[in-house]
Amino acid sequence: NKQGYWHRVGQKLKKYGSIYWFVLPAAFLALLFGYIPLVFLIGAFKNEVLFGLYGPSALLIGDWTLQHFVAIFTTNSEEFFRSLGNTLAINLIKLVLIFPLPILLAICLSEVKSTFLAKLFLIVLCLPNFLSWPTVIGIWHNFFRYQGVINNLFGTTFDFFNDWNLFRFFVIFFDAWKGMGWNSIMFYTAIMSIDKSYYEAAELDGANKLQQIFHLTLPSIFPIIALMFIMNITYILSCGFEEINLIAQWHPEYIQNETTLDYYLYKVSIQEKGSYSFATALGLFNSTVSLVFMLVGNKICRKFLNRGLW
């Protein structure tokens, strides 16, 4: 009951009260950078917010309006829908082609007989995750540029960066190379936690490795796969601004033809010094859609798998 719950909370606070002091710095930073800025969402419902003239009190000045949300689908509809289409296309390709790769990698690592070698391979594959995006882009720029490694190796003169049709390939490939090893950790841990006696029983029944993977390994880690899938669809309207911005600097046609919502938001708010109210409305729209995807995905998992994010 509720009274019993709060009683247990009080008992834990008394018993572990000194430990909670260590949480205060993190809680303060979360409040400062995660919750206080939410107040500025009010700007999305104002005609215009002039922080330079009035400071934070500018949020209380002006009439309430939904014109910025309307402008997303009317005045700025062409660029918005182009950005939305590119963002969805990139993320859907990632879901279909890139999302299964960490699962496949985890299964392969779990089949390595030596635990030392499996962990060594995993550590090496996780290293790209700790590289910054400028470093990742710089490494692969040396491979794909006009006088780069690939052209020198095959004796060709193809300029990869002058073909804006390769933009989506670069975004997806770089993201896969950087995050595949890191994303496989959770799947690998889930596979290693499966009782080995199940595999021994399957072998006695005559199941080969492929049958064991499809009928034992994958069903055992399916709840983890479902949860990670929810996390991925939550960010389906975001491609990662830093990666997109760095790749876009290679060729101007990249961002003219393949702009994404992240870059579009950056352009209207900072690059062109446009309406902060419109940019806030656009960001709020993106966040609301992401929240809906997360809630729907979580509801489906709770209904069919009895597992969810909460």
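- Ring-plane geometry between Phe99 and Phe187 is classed as perpendicular, the angle between the planes exceeding 60 degrees on a 0 to 90 degree scale with a lower cut at 30.
- Between the side chain of Asn142 and the backbone N or O of Val149 there is no donor-acceptor pair closer than 3.5 Å.
- Between Phe241 and Tyr266, the ring planes lie tilted relative to each other; the angle falls in the 30° to 60° range.
- Ring geometry for Phe174 versus Trp140: interplanar angle under 30°, hence parallel rather than tilted (30 to 60°).
- For the ring pair (Phe, Tyr, Trp, His ring centres under 6.0 Å) test with Phe173, the passing option among Phe169, Trp177, Phe170 is Phe169; the others fail.
- Residue Tyr235 comes nearest to Asn91 through the heavy atom pair O-ND2, 3.7 Å, listed as atom of the first residue, atom of the second, then distance.
- Contacts of His215 classified as ring-ring contact (aromatic ring centres under 6.0 Å, His included), with partners at least two apart in sequence or in another chain: none.
- Defined by atom type and a distance below 3.5 Å, a donor-acceptor pair is missing between the side-chain atoms of Asn86 and Thr260.
- A donor-acceptor pair is defined here as one N or O able to donate and one able to accept, closer than 3.5 Å; no such pair exists between the side chain of Thr135 and the backbone of Leu131.
- The closest donor-acceptor contact from the side chain of Asp205 to the backbone of Ala207 lies at 3.5 Å or more, if one exists at all.
- Using cut-offs of 30° and 60° for the angle between ring planes, the Tyr264 and Phe278 rings count as perpendicular.
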Please set out all donor-acceptor pairs under 3.5 angstrom arising from side-chain atoms of residues 216-233, sequence neighbours excluded.
residue: Thr217; atom: OG1; partner: Tyr199; partner atom: OH; Å: 2.8
residue: Ser220; atom: OG; partner: Leu216; partner atom: O; Å: 2.6
residue: Asn232; atom: ND2; partner: Met228; partner atom: O; Å: 2.7

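- Residue Val112 is grouped with residue Met192 when hydrophobic side chains (ILVMFWY) are merged at heavy-atom distances under 4.5 angstrom, including chains of intermediate members.
- Between the side chain of Asn298 and the backbone N or O of Met294 there is no donor-acceptor pair closer than 3.5 Å.
- More than 12 heavy-atom neighbours from other residues, nucleotides or ligands sit within 6.0 angstrom of OH on Tyr20.
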